[in-house]
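Quick notes on the structure that follows.
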Amino acid sequence: EKGGFEHFMLKEIFEQPKSVKDSMRGRISAEKGQIMLGGLREYLDKLTQAQRIIILGCGTSWHAGLVAEYIFEEYARIPVEVEYASEFRYRNPVINPEDIVIAISQSGETADTLAAIELAKSKGAVIFGVCNVVGASIPRATHAGAYTHAGPEIGVASTKAFTAQVTVLSMMAIVAAKSRGTISDKVYRELLTAFEDIPVKIQQALNSNAQIKYIADIFKDARNFLYLGRGYNFPVALEGALKLKEISYIHAEGYPAAEMKHGPIALIDEEMPVVFIATKDSSYEKIVSNIQEVRARKGRVIAVVTEGDQLIKQMAEFVIEIPATHEALTPILAVIPLQLLSYYIAVMRGCNVDQPRNLAKSVTVE
Ligand code: M6R
């Protein structure tokens with residue numbers, strides 16, 4: 001059942017070219033210039049007219065929500081707030097009937113997310129679900145939604161669910177942008193083509209497997225890790241850190257790279273591995289100077305870069321290449337090496353990767 005892989009997590013990481021393709025299947029056609037999310041059709045007007053979007057989730061699903069914030073705001077021009085379901089539900093939030101709530105959950109059973117949905121519903125908001133498990137409690141509690149269709153995820157660490165969530169949320173954002181008229185035809189078409197090319201590029205990103213294993217061996221005994229990214233890749237930094245924490249029990253923190261100088265820079269010494277997501281996008285120059293700041297303090301830099309990058313190769317101790325794509329879709333590729341890095345470090349430390357201590361696959365307690 002593990003398909004020849006040693007763990008479910010590794011199997012699920014390697015399934016991503018297919019699972020992401022499945023999450024787009026029948027929903028997108030660059031040739032026809034179309035994105036269609038059947039489950040949203042009845043509520044498309046609501047989405048188009050939304051005054052605000054509130055995104056709810058926990059853990060990795062919350063990270064997917066953060067990526068969605070960037071793409072919804074950039075292209076659909078709808079203000080977005082991303083909230084931990086557990087904080088939202090206990091703080092008497094302001095919710096209006098013109099708000100759309102998007103609840104994200106792989107399992108569809110997370111207690112806090114479900115309770116937050118019920119609260120928002122009672123205040124009149126329209127609730128969309130982005131869930132993986134068909135027929136689970138959360139999709140049943142929502143008005144509309146889109147399944148991620150990633151297939152069963154068994155490993156406690158969420159991998160293919162995350163890339164599928166980001167794919168579906170990004171499609172939603174582009175659907176909203178198109179119907180609001182806030183995206184140019186040119187960018188719309190570029191994005192559609194970029195979506196269609198993503199599965200092949202995930203496959204290419206997976207080709208760094210052996211090199212990532214090599215890097216894992218060098219850093220497996222580290223006591224701390226820092227993950228830094230900017231823009232669309234800031235949530236990827238958070239996700240990389242969470243993956244490492246939960247399965248290898250190494251303390252890791254994710255930060256927006258620019259925040260480093262407001263505190264975390266004090267942590268950097270010759271023993272601190274710093275993982276940068278430093279792809280060639282709109283914040284490239286800025287992240288290059290953040291890498292220099294870490295190097296100047298002798299931090300050990302591992303950088304996820306765009307294929308062919310020469311500059312960062314000279315600065316970082318290790319680089320891991322991923323293919324170029326549209327900036328908005330880079331998180332789907334950039335997270336792949338981070339999943340593998342945490343996986344190999346955990347295996348080398350003898351940890352139970354599929355069932356880490358103290359954790360359950362779905363958190364049905366509050
Ligand atoms: O099933 P959900 O997506 O609602 O689960 C949310 C979190 O419990 C989950 O993402 C958790 O953080 C994972 N173990 C992360 O890998």
Side-chain angles (χ1 to χ4, degrees), residues 7-13 15-16 19 23 55-68 82-89 101-118 120 127-142 145-169 227 235-250 252-254 331 335-336 338-343 345-346 351-366:
H7 298 98
F8 282 110
M9 182 180 177
L10 192 61
K11 168 177 178 263
E12 288 158 7
I13 292 173
E15 262 169 22
Q16 289 174 107
S19 52
S23 63
I55 299 183
L56 302 174
C58 302
T60 289
S61 295
W62 182 75
H63 295 156
L66 288 177
V67 175
V82 190
E83 307 263 4
Y84 285 117
S86 56
E87 284 300 314
F88 180 80
R89 58 176 290 209
V101 170
I102 303 178
I104 309 170
S105 176
Q106 187 287 130
S107 62
E109 298 295 346
T110 300
D112 281 320
T113 310
L114 189 55
I117 290 171
E118 297 300 350
I127 323 283
F128 291 168
V130 174
C131 297
N132 195 43
V133 176
V134 176
S137 307
I138 292 175
R140 280 188 280 122
T142 54
Y147 281 112
T148 44
H149 295 310
E153 190 181 67
I154 312 292
V156 164
S158 187
T159 53
K160 63 174 181 171
F162 175 78
T163 45
Q165 286 164 343
V166 173
T167 302
V168 167
L169 290 160
Y227 286 75
V236 176
L238 298 182
E239 176 60 8
L242 176 61
K243 287 291 89 95
L244 189 70
K245 276 184 272 211
E246 70 177 331
I247 62 167
S248 76
Y249 318 141
I250 296 174
E253 289 199 50
V335 77
I336 307 277
L338 306 189
Q339 295 170 343
L340 285 168
L341 184 66
S342 65
Y343 171 77
I345 290 179
C351 301
N352 183 352
V353 274
D354 282 337
Q355 283 193 301
R357 66 188 184 200
N358 309 336
L359 285 170
K361 182 64 184 162
S362 55
V363 182
T364 51
V365 291
E366 307 195 340

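Just so you know, ligand 1 is whichever comes first in the structure, and atom 1 is the first atom listed for that ligand. What you see is a predicted model; the values in this text were computed from it and never measured.
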*Closest non-hydrogen protein atom to atom 10 (O) of ligand 1, residue and atom name please, with distance?*
Thr60 N, 3.0 Å
*Give the residue and atom name of whichever protein heavy atom lies nearest to atom 7 (C) of ligand 1, and the separation in Å to one decimal.*
Cys58 O, 3.6 Å
*Could you tell me whether Lys361 and Glu153 make a salt bridge, using a distance below 4.0 angstrom between a side-chain N and a carboxylate O?*
yes
*Residues in ring pair (Phe, Tyr, Trp, His ring centres under 6.0 Å) with His149, at least two apart?*
none
Return a yes/no value for [X]: is any of its N or O atoms, backbone included, closer than 3.5 angstrom to an N or O of ligand 1?
X	value
Ser61	yes
Gln165	no
Lys361	no
Ser362	no

Can you list the atoms of ligand 1 that are under 4.0 Å from a heavy atom of [X]?
X	value
Thr110	1 (O), 2 (P), 4 (O), 5 (O)
Ser158	15 (C), 16 (O)
Ala157	16 (O)
Gly59	10 (O), 12 (O)
Lys243	15 (C), 16 (O)
Ser105	1 (O), 2 (P), 3 (O), 4 (O)

_Heavy-atom pairs closer than 4.0 Å: do any link ligand 1 to the side chain of Glu246, the backbone, both, or neither?_
side chain
*asked:* Hydrogens and angles aside, do Thr148 and Lys160 bring a side-chain donor and acceptor to less than 3.5 Å of each other?
replied: no
_Option of least heavy-atom distance to atom 8 (O) of ligand 1 (set: Leu242, Thr159, Val363)_ = Val363
*Evaluate the criterion side-chain contact (heavy atoms from CB on, under 4.5 Å) for residue pair Val130 and Ile102; output intermediate values, then yes/no.*
CA-CA 7 Å; Val130 174; Ile102 303 178; 3.9 Å; yes
*Under 4.0 angstrom from ligand 1, any heavy atom of Leu359?*
no
_Under the criterion side-chain contact (heavy atoms from CB on, under 4.5 Å), I'd like the reasoning laid out for Tyr343 against Thr159: C-alpha separation, chi angles, the key distance, then a yes or no._
CA-CA 11 Å; Tyr343 171 77; Thr159 53; over 6 Å; no
Give a yes or no answer on whether the side chain of [X] reaches the backbone of [Y] with a donor-acceptor pair at less than 3.5 Å.
X	Y	result
Asn132	Ala150	yes
Gln16	Ile13	yes
Lys245	Ala252	yes

*Please indicate whether Gln355 has more than 12 foreign heavy atoms, meaning atoms of other residues, nucleotides or ligands, lying under 6.0 Å from its CD.*
no
*Start with the C-alpha gap between Leu238 and Trp62, add the side-chain angles, then the distance that decides, and say whether side-chain contact (heavy atoms from CB on, under 4.5 Å) holds.*
CA-CA 10 Å; Leu238 298 182; Trp62 182 75; 4.0 Å; yes
